[in-house]
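What you see below is based on every heavy atom in this structure, not just the backbone, and it leaves out hydrogens, waters and symmetry mates. All chains are named by letter (A, B, ...) in the order of the sequence lines, taking the proteins before the strands, and each is independently numbered beginning at 1.
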Protein chains: 2
Amino acid sequence: MRTLKYAILGLINREAMTGYDLMKMFNLELVNFWYAQHSQLYPELKKLTDEGLITYETVLQGQKLEKKLYSITEAGKIAFLNWLKKQDLLEPTPKDIFRLKVFFIESMTKEDILKHFSYQLDLRKEKLERLEATMAQHPYSKTISDVFSPLYGDYIVLKSAIMRERTYIDWLLDCIKEIENS
Amino acid sequence: MRTLKYAILGLINREAMTGYDLMKMFNLELVNFWYAQHSQLYPELKKLTDEGLITYETVLQGQKLEKKLYSITEAGKIAFLNWLKKQDLLEPTPKDIFRLKVFFIESMTKEDILKHFSYQLDLRKEKLERLEATMAQHPYSKTISDVFSPLYGDYIVLKSAIMRERTYIDWLLDCIKEIENS
DNA sequence: AGAGCCATGTAAAAAGTTACATGATTCG
DNA sequence: CGAATCATGTAACTTTTTACATGGCTCT
């Protein structure tokens with residue numbers, strides 16, 4: 001389905017950037033719903049260039065260091081907008097190793113079960129805190145923005161990530177309570 | 001990380017079964033947190049057999065049809081339990097194409113945005129209904145079971161899937177309301 | 001001078017998907 | 001007898017991860 005392709009096109013469509021910039025976007029902004037390693041990104045950039053969907057100009061950083069500043073082409077914009085407009089069926093539910101282990105809970109002792117749940121709870125709480133800190137300083141809620149600003153998309157996917165973590169935590173707490181009282 | 005390996009071991013640990021049985025488990029019971037195609041499963045079964053973690057005996061179904069009934073070995077049990085006991089760090093957040101499209105919302109018209117959200121809402125509601133129907137006839141809530149029964153794991157991961165869908169739907173409804181009033 | 005970041009790539013392997021391929025059994 | 005299901009595999013390809021590999025820039 002070439003999803004990475006469209007994620008890249010969408011980002012470059014917003015603003016010209018280098019592969020390194022894209023990596024920062026994936027690791028910082030999109031990390032809650034898409035990501036890639038640089039070893040996947042650079043070959044994909046080459047491919048998109050070959051397909052005529054993006055182009056680059058070489059820019060000098062300092063004396064020698066060359067970086068490639070990618071921009072989207074007209075063909076790239078069309079491809080991106082077509083992908084964006086397309087309605088997709090539901091994806092298969094995401095895989096989740098913790099849930100898989102919980103499924104096999106009958107093979108664990110009560111002690112191990114509670115250890116697993118409380119560790120997972122710690123990790124999830126920490127993650128939720130990070131997300132909430134990000135939200136607290138998010139520009140969308142701080143400025144007079146409207147839903148047609150690029151910030152709005154960023155804002156609502158962050159909100160969804162927070163809601164998702166809270167639900168996961170609620171579930172963990174439910175389970176812990178039920179298991180402790182057994 | 002060979003997660004499929006442990007999913008298989010865990011299932012065969014519960015009860016001897018064929019590759020076909022395993023596929024049914026993946027498609028019906030584990031689908032909310034793990035799954036695989038049969039083209040991935042059969043080679044993995046061969047590999048696990050070579051590794052001495054499972055063995056099989058050939059059983060005749062009817063006159064000619066041979067099926068392989070797999071059982072777990074002692075080494076398999078140990079490998080499974082070690083995996084189960086290990087505490088893992090959080091996985092990266094699952095990828096989500098719909099959220100990715102929402103991130104790029106500023107490139108859509110209000111009309112297209114609302115079309116996307118309402119279609120996604122329909123799909124998610126349908127999925128939630130299926131999950132709730134499954135829950136309604138789930139044996140754990142119907143019989144006098146305790147948390148150490150194999151049914152309990154099944155039951156709580158189903159509960160988590162329902163909570164997850166509800167949260168997704170809540171988020172969609174939030175967004176729709178906010179966008180409509182803009 | 002050294003740490004941390006900027007910047008870009010390739011190679012090899014693992015994991016996962018889609019398509020190809022075949023044949024038996026069961027039940028109505 | 002035909003449809004649905006049972007049953008098992010391989011081939012080709014795509015996607016993703018981990019490791020290898022190199023070198024410049026900035027700031028203290």
Colleague: As a quick check of understanding, evaluate ring-ring contact (aromatic ring centres under 6.0 Å, His included) for B:Phe33 and A:Phe98, giving each step before the final call.
Modeller: CA-CA 9 Å; B:Phe33 47 94; A:Phe98 184 76; over 10 Å; no
Colleague: Could you state the CG-P distance from B:Leu65 to D:dT8, rounded to the nearest angstrom?
Modeller: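 In whole Å, D:dT8 P and B:Leu65 CG are 7 Å from each other.
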Colleague: Roughly how many Å is it from CD in B:Gln61 to C1' in D:dT8, rounded to a whole number?
Modeller: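 In whole Å, D:dT8 C1' and B:Gln61 CD are 13 Å from each other.
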Colleague: Could you state the NZ-C1' distance from A:Lys5 to D:dT14, rounded to the nearest angstrom?
Modeller: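 Those two atoms, NZ and C1', are 14 Å apart.
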Colleague: Side chains of B:Tyr70 and B:Glu57: donor-acceptor distance under 3.5 Å anywhere?
Modeller: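 Looking only at side-chain atoms, B:Glu57 and B:Tyr70 do not form any donor-acceptor pair under 3.5 Å.
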Colleague: For B:Leu48 and D:dT8, give me the distance from atom CG to atom P, rounded to whole Å.
Modeller: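 So the CG-P distance, B:Leu48 to D:dT8, works out to 15 Å.
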Colleague: Looking at D:dT16, I'd like to know if its phosphate oxygens (OP1 or OP2) sit under 4.0 Å from a side-chain N or O belonging to A:Gln40.
Modeller: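 Indeed, a polar side-chain atom of A:Gln40 lies that close.
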Colleague: Rounded to whole Å, please give me the gap between CG in B:Leu22 and P in D:dC6.
Modeller: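 Value for this atom pair: 14 Å.
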Colleague: Show the numbers, then the answer: is there a side-chain contact (heavy atoms from CB on, under 4.5 Å) between B:His138 and B:Asp154?
Modeller: CA-CA 9 Å; B:His138 194 280; B:Asp154 196 39; 2.8 Å; yes
Colleague: Need to verify one output field. Residue with the more 5' nearest nucleotide on DNA chain D, A:Lys47 or A:Gly62?
Modeller: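 On the 5' side of the pair lies A:Lys47.
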Colleague: To the nearest Å, give me how far apart CE (A:Met1) and P (D:dT14) are.
Modeller: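 It works out to 14 Å between those atoms.
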Colleague: Check the distance between D:dC25's P and A:Leu60's CG and give it to me in whole angstrom.
Modeller: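 Rounding to the nearest Å, CG of A:Leu60 and P of D:dC25 are 9 Å apart.
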Colleague: Quick one: pull up CG in B:Leu9 and CG in B:Leu84 and give me the separation to the nearest 0.5 Å.
Modeller: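 Separation between the atoms: 11.0 Å.
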Colleague: Under 6.0 Å between ring centres, would you say that holds for B:Phe26 and B:Tyr35?
Modeller: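 When the ring centroids of B:Phe26 and B:Tyr35 are compared, they turn out to be at least 6.0 Å apart.
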Colleague: Please figure out whether B:Lys68 or B:Lys95 has its closest DNA chain D nucleotide nearer the 5' end.
Modeller: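 In this pair, the answer is B:Lys68.
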Colleague: Could you tell me from which nucleotide to which nucleotide of DNA chain C, 5' to 3', there is an atom under 4.0 Å from chain B heavy atoms?
Modeller: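 Nucleotide range with atoms under 4.0 Å of chain B: C:dA15 to C:dT25.
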Colleague: Atom CZ of A:Arg2 to atom P of D:dC13: distance rounded to whole Å?
Modeller: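 My rounded result for the distance is 15 Å.
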Colleague: Relative to the 5' end of DNA chain C, which residue comes earlier, A:Glu66 or B:Gln37, by the nucleotide with the nearest heavy atom?
Modeller: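 Its nearest nucleotide lies further toward 5', so the answer is A:Glu66.
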Colleague: Listed in order of residue number, which residues of residues 7-21 of chain B have a non-hydrogen atom at under 4.0 Å from DNA chain D?
Modeller: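 DNA chain D contact set from residues 7-21 of chain B: B:Thr18, B:Gly19, B:Tyr20.
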Colleague: With under 30° as parallel and over 60° as perpendicular, where do the rings of A:Tyr42 and A:His38 fit, or are they tilted in between?
Modeller: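 Perpendicular.
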Colleague: Using the ring of each side chain (for Trp, its six-membered ring), is A:Trp83 parallel, tilted or perpendicular to B:Phe104, with breaks at 30° and 60°?
Modeller: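 The arrangement is perpendicular - the two ring planes meet at more than 60°.
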